[in-house]
Amino acid sequence: MDVTEIIDPLNEAQREAVTAPHRPTLVLAGAGSGKTRVLVHRIAWLIRVDGVAPQQLFAVTFTNKAAAEMRQRIEALLGFPTRHFWIGTFHGLAHRLLRIHWREARLAEGFQIMDSADQLRMVRRLLRDLQLDENEWDPKEIQWFINAQKDEGLRPERVDDDGNAGRRQMIDLYARYEKACAESSVVDFAELLLRALELLRENSELLAQYRERFRHLLVDEFQDTNAIQYDWLKLLAGSTGIPFVVGDDDQSIYRWRGARVENLFSFQKHFPATEVVRLEQNYRSTSTILKAANEIISHNSSRLGKNLWTEGESGELIKLYAAFNERDEADFVINRITDFINQGNARSDVAVLYRSNAQSRVFEETLLAAAIPYRVYGGLRFFERAEIKDALAYLRLIANRDDDPSFERVVNTPTRGIGARTMDAVRECARETGTSLWRAAGSIIANDVLPKRSSKALWAFLSLLDRLDTETREMPLHDQVREVTRASGLIAHHGRDGQLAGEAKVENLEELVSAAQGVIQDEESDLPPLAEFLSYAVLESGDAQADDYEDSVQLMTLHSAKGLEFPLVFLSGLEDGLFPHQRSITDAKGLEEERRLCYVGLTRAQQQIYLTYAEQRRLYGKDNYGTPSRFIREIPDELMEEVRPAMSVSRPVYRRSRPVQMEASPVKLGQRVRHGKFGDGVVLNSEGSGAHARVQVNFENGGTKWLVLAYANLELM
DNA sequence: CATACAGACATAAAC
DNA sequence: TGTCTGTATG
């Protein structure tokens, strides 16, 4: 067996991880240390050397992009297709399980998935039905609440109201929301995970079957897992499964989205025989950049601890530019970019990073003025565009008539004389009889309670859908999609307006037809092509500007930069209040996450990084006078040089001042402590105060533990 | 029923 | 400040 291909390109630590014995393995992989490579080679090793069958693998990532890249690299290494491998996102794999076992999961066969926008509409409708004021009950907040509970694995019955009336109302809304979802046979993203978890938890035979099958559970970006995702892993692993997780606590930047770095800390405790491998050699950045990154992140306390190093050169110093205002900042950045391009470099080798999306505007305007092509990450994606969602709503209704959110969306799009009064009557009827809008509409027509004209319009809509269903059922998917966009009147509707925008919408609808052509059938879940396409549209809605192949400068938030790398990086808006963001600045955990974000930003750069801040910044129409970010101060002077435009009056170089200490908790994160029984360790986390204060300690001789401060008798060192 | 206008809203975002 | 959403209006 030729294993050189798998082993040769690896360094010692990577090799140790890839060839690790079949027991729980935790790979702590620093930025640019070859994390994906390790996962890919591990899978190849398991198959080629250890004789593991592909169907015994269960490999999870967070994005479709990461899953696709993993697939592609495995195929390149193994030389055969991985179509039937269980490699995908948590949501994608959960969905696959639910499609196979929809009956056991108590779902309708044709259940549909709602995206966050659909979910918000659903919440709004619920509030309207209950006649609750949207100003008092913020739909977004309710949506957030519901998702947060689901992310923690909590059904309404199990959420504690803390004796708080407002909270009780939220819980009630959550319960009603669940009921509405069930009546419409729709599930939201969090529901996919929770339902799949419950499916396995409540069906011991199924669980046994899958435990037997999936022996090797591989998880990418483990620091980003939330409570249910970790529960999933633990449940599926049982005592026989072999988890192999890769993560970096220093790159955990999604706490606000439910991610728990703690999962990384408690992994060893849950899987006692865990082998830990640290990947600390970096292949991406110059040593100057790495030193700065290491230095910054060392100001964080709750860390497992890692130190990146490189065999590479020290490279250029980090450049710091103090701009007068945000326009000056953009001018400076774009001038540097112009120089870089004029030296013969590709535009796509440059990234401009910022903390919040609002900052992109000035850069866009300046790039536009300089006629430099650019690409902004984020924004509306193809399957999220209004006209596409309209078309999908028709298709969803064909697949599942009870899909209320879709019904609401298109009953009167394009307009067909079904107004607010008619819909009020339909909703009222649906609520009273506890059925879907579709059924309610049918019975309202039958009972003849509406004015003739309204009744006729409603009937026309119902029969349009029935007709579309029967007439297109036997067609190939893309023909069905084409026919639906035409017969629904959507094409005519957008084509009619004669505007450029309308033309683009028609083109998008045509694009949807081609997208339908490319759908690949999942053999195991055996979905009809339409259902396959619809779930693909929600779960894999793709990039915002997928069609942009022109060589262009990359503009994105720090969050979307994670996982990417560029020879030249600009880290902009380094002002206290902007980065770190105002809303995280007063909270120790929030601030540490901001610092990790800064660490992520720095480690994106391969050769050169510029840090910029503005002394004055106009944001949302208001002028702000910021102080330079504290993160700048945390970089040693000798790694940085201040640059100023040739013409400007010289000013004193920005001086470091004492960092401000802010910490309410009795024991500081990062504090070294000694315990009578467990020995020495480092405080990773803390919660509560006074008699209830607890701290999480990472002990040197194995494992992390939560201890009640009042009893633990910890000795501070 | 399309258009105009007022008002809300702006941390980050994958599925 | 600019954009998006919902509603008032002709």
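What you see is a predicted model, and the numbers here were worked out from it, not measured in a lab. No hydrogens, no waters, no symmetry mates; every other heavy atom, side chains included, goes into these values. Throughout, a chain's letter reflects where its sequence line sits, starting with A, and its residues are numbered from 1.
Both the sub-6.0 Å distance and the 45° axial angle are not jointly satisfied by A/R595 relative to the ring of A/Y599.
Interatomic distance, CE of A/M423 versus CZ of A/R125, reported as 7.5 Å (0.5 Å rounding). Atom CD of A/E191 is separated from atom CG of A/L107 by 7.5 Å, given to the nearest 0.5 angstrom. Rounding to the nearest 0.5 angstrom, the gap separating the CG atom in A/L353 from the NE2 atom in A/H559 is 12.0 Å.
In this structure, A/R583 reaches the B/dT11 phosphate: one of its side-chain N or O atoms is under 4.0 Å from OP1 or OP2. Remark: A/N357 is not in phosphate contact with B/dT11, judged by side-chain N or O atoms under 4.0 Å from OP1 or OP2. At B/dA14, none of the side-chain N or O atoms of A/T89 fall inside 4.0 Å of OP1 or OP2 (strictly under the cut-off). Taking only side-chain nitrogens and oxygens, A/S116 never comes nearer than 4.0 Å to OP1 or OP2 of B/dA13. For B/dA2, the OP1/OP2 oxygens have a side-chain nitrogen or oxygen of A/T415 closer than 4.0 Å. For A/N64, a side-chain nitrogen or oxygen approaches OP1 or OP2 of B/dC15 to under 4.0 Å. OP1 or OP2 of C/dT1 has at least one side-chain nitrogen or oxygen of A/R618 nearer than 4.0 Å.
Checking A/T61 against A/D220 by side-chain atom types alone, no donor-acceptor pair falls below 3.5 Å.
A salt bridge is absent between A/E326 and A/R361: the closest approach of a Lys/Arg side-chain nitrogen to an acidic carboxylate oxygen does not fall below 4.0 angstrom.
A stacking contact between A/H91 and B/dC15 is absent: the pair does not combine a ring-centre distance of less than 5.5 Å to the base's six-membered ring with planes differing by less than 30°. The side-chain ring of A/F62 is not stacked on the base of B/dA14, judged by centre separation under 5.5 angstrom and plane angle under 30 degrees.
Side-chain contact check for A/Y354 versus A/L558: every heavy-atom pair is 4.5 Å or farther apart.
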Protein-nucleotides 7-9 of chain B N/O pairs closer than 3.5 Å?
none

Output a table of nitrogen or oxygen pairs between the protein and nucleotides 5-10 of chain C separated by less than 3.5 Å.
none

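Across the interface with DNA chain B, nearest-nucleotide mapping of A/H581 and A/G417 shows A/G417 to be the residue nearer the 5′ end. When the nearest nucleotides of DNA chain B are assigned to A/S560 and A/R416 by heavy-atom distance, the more 5′-ward of the two goes with A/R416.
Rounded to whole angstrom, the span from the CD atom of A/Q582 across to the P atom of B/dA10 amounts to 16 Å. Rounded to an integer number of Å, the gap from A/H493 NE2 to B/dA2 P is 7 Å. Regarding A/L591, its CG atom lies at a distance of 14 Å from the C1' atom of B/dT11, rounded to whole Å. Rounded to whole Å, atom C1' of B/dC15 lies 12 Å from atom CD1 of A/I228. The CG atom of A/N412 sits 13 Å away from the C1' atom of B/dA2 (whole-angstrom rounding). For the pair A/W144 CH2 and B/dT11 P, the computed distance is 11 Å after rounding to whole Å. A straight line from CZ of A/R453 to P of B/dC1 spans 8 Å, rounded to a whole angstrom. One atom, CZ of A/R421, and another, C1' of B/dC1, lie 13 Å apart when rounded to the nearest Å.
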Which donor-acceptor pairs under 3.5 Å do side chains of residues 409-419 of chain A form with protein atoms, sequence neighbours excluded?
unit_1: A/R409; atom_1: NE; unit_2: A/D390; atom_2: OD1; d: 2.8
unit_1: A/R409; atom_1: NH2; unit_2: A/A386; atom_2: O; d: 3.3
unit_1: A/R409; atom_1: NH2; unit_2: A/D390; atom_2: OD1; d: 3.4
unit_1: A/N412; atom_1: OD1; unit_2: A/R416; atom_2: N; d: 2.8
unit_1: A/N412; atom_1: OD1; unit_2: A/G417; atom_2: N; d: 3.4
unit_1: A/N412; atom_1: OD1; unit_2: A/I418; atom_2: N; d: 3.2
unit_1: A/N412; atom_1: ND2; unit_2: A/I418; atom_2: O; d: 3.0
unit_1: A/T413; atom_1: OG1; unit_2: A/R409; atom_2: O; d: 3.0
unit_1: A/R416; atom_1: NH1; unit_2: A/Y394; atom_2: OH; d: 3.2
unit_1: A/R416; atom_1: NH1; unit_2: A/V410; atom_2: O; d: 2.9
unit_1: A/R416; atom_1: NH1; unit_2: A/V411; atom_2: O; d: 2.8
unit_1: A/R416; atom_1: NH2; unit_2: A/Y394; atom_2: OH; d: 2.8
unit_1: A/R416; atom_1: NH2; unit_2: A/S488; atom_2: O; d: 3.3

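Below the 3.5 angstrom threshold, one finds no donor paired with an acceptor across the side chain of A/R257 and the base of B/dA12. With hydrogens and angles ignored, no donor-acceptor pair closer than 3.5 Å exists between the side chain of A/T63 and the base of B/dC15.
Taking the ring centroids of A/Y230 and A/F222, they lie under the 6.0 Å cut-off.
Counting only Watson-Crick and G-U wobble pairs whose two key distances fall under 3.5 Å, DNA chain B forms stems of three or more stacked pairs at B:1-10 with C:1-10.
Among A/I491, A/I388, A/N508, A/L395, the one residue that satisfies the side-chain contact (heavy atoms from CB on, under 4.5 Å) test with A/T485 is A/I491.
Across A/A31 and A/R604, no two heavy atoms sit closer than the pair CB-NH2, 3.8 Å.
You'll find that the side chain of A/S356 is closest to B/dA12, out of B/dA13, B/dA12, B/dC15. Residue A/L539 places its side chain closer to B/dC15 than to any other of B/dC15, B/dA12, B/dA10.
A search for ring-ring contact (aromatic ring centres under 6.0 Å, His included) contacts involving A/Y174 returns nothing, not counting sequence neighbours. Among residues two or more places apart in sequence or in another chain, the salt bridge (charged side-chain N to carboxylate O under 4.0 Å, His left out) test is passed with A/R255 by A/D587.
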